[in-house]
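Here is the structure we will look at, set down as structure tokens.
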Amino acid sequence: MDFLAATAITAAGAAAGAINAVVGSGTLITFPTLLALGYPPVLANVSNNIGLVPGVLGGVWGYRRELRGQARRLAHLATASALGGCAGALLLLRLPTRTFQAAVPVLILTTCALTLAQPYLRRRLDRRTRTPGHGPPGLWAAVCAAGVYGGYFGAAQGILLIGLLGCSVQESLHRLNAAKNVLAAIVNTVAALAFVAATTVDWSVAAFIALGSTLGGLIGARTGRRLPPAGLRTLIIVVGVTASAVMLR
């Protein structure tokens with residue numbers, strides 16, 4: 001890996017770490033960067049997942065104040081995220097590479113659609129009647145399903161979790177975002193452990209993404225409320241559509 005490639009990967013990791021802390025979809029920055037540099041899709045996905053773990057943990061630390069009083073809820077939902085993340089990682093490892101290559105453009109475009117619809121979803125969530133505590137019984141299964149998606153690919157996992165929690169739990173958006181960071185961190189960590197144990201990882205890629213995502217996660221958690229949401233969504237959508245075009249060639 002030359003200096004320019006290392007710099008590009010580190011910068012993409014920093015951007016992804018910041019985006020993950022605030023919204024989710026940071027994978028739509030790092031994954032296309034790795035594809036553009038010539039890395040095979042599955043190797044890029046695995047190495048990217050491992051590299052983003054420190055950044056997600058940085059986002060958890062940055063939102064630690066908003067986590068107060070949520071320990072019981074998160075302990076309940078953590079098992080769903082762990083189980084789902086493990087299942088998603090196993091699907092990635094067991095299914096043929098061509099299945100991943102065929103699925104990813106669809107997953108990315110779905111992510112773009114979710115990102116575009118996020119303001120509408122948030123307005124709808126604000127008008128919903130939600131429950132205190134752990135949320136309704138179906139929330140555990142829904143979080144588990146989101147974990148399967150996150151373990152398999154992961155882009156927009158945060159948006160999915162925010163939507164599920166917002167529909168179900170009576171909390172402020174910032175506290176839901178803090179909970180989302182914890183659940184996404186569990187999924188990413190479980191999937192990363194599975195990948196380390198069972199498949200090839202490009203450790204130089206993972207290390208540069210980790211370096212950037214750690215810094216980005218801390219900065220994103222600190223400054224997330226100041227970012228212009230429209231600009232961030234536009235960036236994610238442009239990168240996502242570009243990545244889909246690259247995968248479909």
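- Between L183 and K180, the closest side-chain pair of non-hydrogen atoms is not below 4.5 Å.
- Judged as a side chain to side chain donor-acceptor pair (under 3.5 Å), and not counting sequence neighbours, T97 has no contacts.
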Query raised in the report: Yes or no on side-chain contact (heavy atoms from CB on, under 4.5 Å) for F153 and L92, after CA distance, side-chain angles and deciding distance?
Result: CA-CA 8 Å; F153 183 53; L92 181 67; over 6 Å; no
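- Across G151 and A191, no two heavy atoms sit closer than the pair CA-CB, 4.1 Å.
- Of all non-hydrogen atoms in A206 and V201, the two that sit nearest each other are CB-CG1, 4.5 Å.
- Across all non-hydrogen atoms, the minimal contact from A146 to L161 is CB-CD2, 4.0 Å.
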Query - side-chain contact (heavy atoms from CB on, under 4.5 Å) evaluation trace for N181 with L67 - result: CA-CA 10 Å; N181 285 343; L67 288 172; over 6 Å; no
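- To the nearest 0.5 Å, the span separating CG on L52 from CG on L57 amounts to 11.0 Å.
- Contact record, A78 with I186: CB-CD1, 3.5 Å, taken as the closest heavy-atom pair.
- The cluster map of Ile, Leu, Val, Met, Phe, Trp and Tyr, joined by side-chain heavy atoms under 4.5 Å apart, puts L95 and F195 in the same cluster.
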Query raised in the report: What do the steps show when you test L165 against L77 for side-chain contact (heavy atoms from CB on, under 4.5 Å), and what is the final call?
Result: CA-CA 10 Å; L165 293 171; L77 296 176; 3.9 Å; yes
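- The ring-ring contact (aromatic ring centres under 6.0 Å, His included) check on F208 picks up nothing, with sequence neighbours excluded.
- In this structure a side-chain-to-backbone donor-acceptor pair under 3.5 Å is present from R175 to R68.
- Taking the side chain as every heavy atom from C-beta outward, N188 and Q157 approach each other to under 4.5 Å.
- No donor-acceptor distance shorter than 3.5 angstrom exists from the side chain of T10 to the backbone of L211, with no hydrogens or angles considered.
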Requested in this report: Please lay out, stage by stage, how V205 and N48 fare under the test side-chain contact (heavy atoms from CB on, under 4.5 Å).
Outcome: CA-CA 7 Å; V205 168; N48 174 66; over 6 Å; no
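- No continuous path of ILVMFWY side-chain contacts below 4.5 Å connects I50 to V53, so the two sit in separate hydrophobic clusters.
- L93 and V196 end up in the same hydrophobic cluster when Ile, Leu, Val, Met, Phe, Trp and Tyr side chains are linked at under 4.5 Å.
- Residue pairs meeting the side chain to side chain donor-acceptor pair (under 3.5 Å) criterion with at least one member in residues 191-202, sequence neighbours excluded: D202-S204.
- In this structure, V182 is a member of the same hydrophobic cluster as V190, with clusters built from ILVMFWY side-chain heavy atoms closer than 4.5 Å.
- We find the CG-CG distance between L43 and L35 to be 10.5 Å, quoted to the nearest 0.5 Å.
- In this structure, CG on L218 lies 10.0 Å from CH2 on W61, to the nearest 0.5 angstrom.
- When the side chains of ILVMFWY residues are joined at heavy-atom separations under 4.5 Å, either directly or via intervening members, Y149 and L28 end up in a single hydrophobic cluster.
- Here the straight-line distance linking atom CG of L74 with atom OG of S81 works out to 9.0 Å at 0.5 Å rounding.
- Put simply, the side chain of S47 does not reach to within 4.5 Å of the side chain of Y39, judged on heavy atoms.
- Minimum heavy-atom separation, V148 to A87: CG2-CB, 4.1 Å.
- In this structure, the side chain of W140 engages the main chain of H76 through a donor-acceptor pair within 3.5 Å.
- Closest approach of L164 and A142 over heavy atoms only: CD1-O, 3.5 Å.
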